[in-house]
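What follows is a short report on a single structure.
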Amino acid sequence: MTFTRQGICLFRPQFGILYRHAVPMGTTANEEMNTFWAKNNKLNRPVSPHLTIYKWSLPMMMSITHRGTGVGLSGGISAFALLALVLPGNYPYYLDLIHSLSVGPALLSLAKFGIAFPVSYHTLNGIRHLFWDSGKGFKIPEVYRSGYVVIVLSILTSIAAIAYM
């Protein structure tokens, strides 16, 4: 049994759900899509937003790097925690295993930098964002100046952390 009113089917026993009748359109979705792309191609419009239409800038690169370091740190910490739960043995066992690999000092320093830089960069850039949240530092010269400060301090704190470890 079906109850209908003005094109709305309130109940269909074979489906057991509310159902609304579709009204046929004059054109199909495929035709509409083809018309849209033909018009954009004729007007030589880029697909927006597209990376080729933007001039790369320091704030843009720092924003992308901030997001990347956040995702990388989150993924790294999650992977480390998961491995700590599932792998047999304990932390000193794996630390001894790393020491037994006899990795040279250059590779070891590079690995330490690979860990220290994302942490320091993400932290310092996060502090920069906190200043922005308070409404300070939005003028373009200030944005660039604070960006360069974050980059330099990130490198310096990473080198200091490597020297300390």
Side-chain angles (χ1 to χ4, degrees), residues 17-18 28-165:
I17 59 172
L18 290 176
T28 65
N30 192 25
E31 290 169 345
E32 287 294 324
M33 185 178 66
N34 289 335
T35 303
F36 171 80
W37 286 113
K39 181 179 94 177
N40 283 341
N41 286 335
K42 186 177 89 175
L43 295 173
N44 199 21
R45 290 180 177 164
V47 178
S48 183
H50 199 273
L51 296 178
T52 59
I53 66 171
Y54 296 110
K55 180 182 176 201
W56 290 86
S57 63
L58 179 71
M60 178 191 283
M61 290 303 298
M62 290 189 71
S63 175
I64 293 168
T65 306
H66 186 76
R67 292 164 196 247
T69 56
V71 169
L73 290 170
S74 177
I77 290 170
S78 299
F80 183 79
L82 184 65
L83 290 174
L85 288 173
V86 246
L87 289 177
N90 53 15
Y91 179 73
Y93 169 77
Y94 291 103
L95 193 57
D96 290 337
L97 179 67
I98 291 171
H99 283 293
S100 70
L101 294 175
S102 299
V103 177
L107 189 58
L108 188 59
S109 295
L110 184 64
K112 288 179 181 180
F113 187 83
I115 293 170
F117 181 77
V119 171
S120 64
Y121 176 81
H122 196 77
T123 302
L124 293 170
N125 204 37
I127 293 169
R128 178 180 179 225
H129 277 267
L130 288 175
F131 277 102
W132 286 352
D133 289 342
S134 69
K136 295 176 172 63
F138 280 118
K139 293 182 179 148
I140 297 299
E142 293 171 344
V143 170
Y144 277 87
R145 186 173 30 250
S146 66
Y148 287 124
V149 167
V150 165
I151 292 170
V152 169
L153 286 178
S154 296
I155 292 170
L156 291 176
T157 55
S158 299
I159 291 171
I162 290 169
Y164 182 74
M165 290 193 266

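Predicted model, so just to flag it, every value in this text is computed and none were measured. Position 1 is the first residue of the sequence, and the numbers go up from there.
Heavy-atom neighbours of Y91 OH from other residues, nucleotides or ligands within 6.0 Å: at or below the threshold of 12. Under a cut-off of 6.0 angstrom, the local environment of CH2 in W132 is crowded, with over 12 non-hydrogen atoms contributed by other residues, nucleotides or ligands. No more than 12 heavy atoms of other residues, nucleotides or ligands sit less than 6.0 Å from atom CZ of F131.
Side-chain atoms of F80 and L83, non-hydrogen and from C-beta on, never get closer than 4.5 Å to each other. Looking at heavy atoms from C-beta onward, N125 lies out of side-chain contact with T69 at the 4.5 angstrom threshold. Residues R45 and K39 have side chains in contact (heavy-atom distance under 4.5 Å, counting atoms from C-beta outward). A 4.5 Å side-chain heavy-atom check between W56 and I64 finds at least one atom pair inside the cut-off.
The distance from the CG atom of L156 to the CD1 atom of I151 is 12.0 Å, given to the nearest 0.5 Å. In this structure, K112 NZ and I115 CD1 are separated by 9.5 Å, a value rounded to the nearest 0.5 Å. With values rounded to the nearest 0.5 angstrom, N44 atom CG is found 8.0 Å from N41 atom CG. To the nearest 0.5 Å, atom CE of residue M62 and atom CZ of residue R67 are 13.0 Å apart. We find the CG-CG distance between L107 and L101 to be 10.0 Å, quoted to the nearest 0.5 Å.
Looking at S78, its side chain does come within 3.5 Å of a backbone N or O of S74 through a donor-acceptor pair. Remark: the backbone N or O of P105 is paired with a side-chain donor or acceptor of S109 at under 3.5 angstrom.
Minimum heavy-atom separation, V150 to L124: CG2-O, 4.0 Å. The minimum heavy-atom distance between P59 and V143, with the atom names listed, is CG-CG1, 3.6 Å. The two residues V119 and T123 have their closest heavy-atom pair at O-OG1, 2.7 Å. Here the shortest heavy-atom pairing between F113 and P118 reads O-CD, 4.0 Å. Between S120 and T157, the shortest heavy-atom distance links the atoms CB-OG1, 3.2 Å. Across every non-hydrogen atom of S146 and R128, the tightest pair is OG-NE, 2.9 Å.
Under the 30°/60° scheme for interplanar angles, the aromatic rings of Y121 and F117 are found to lie parallel.
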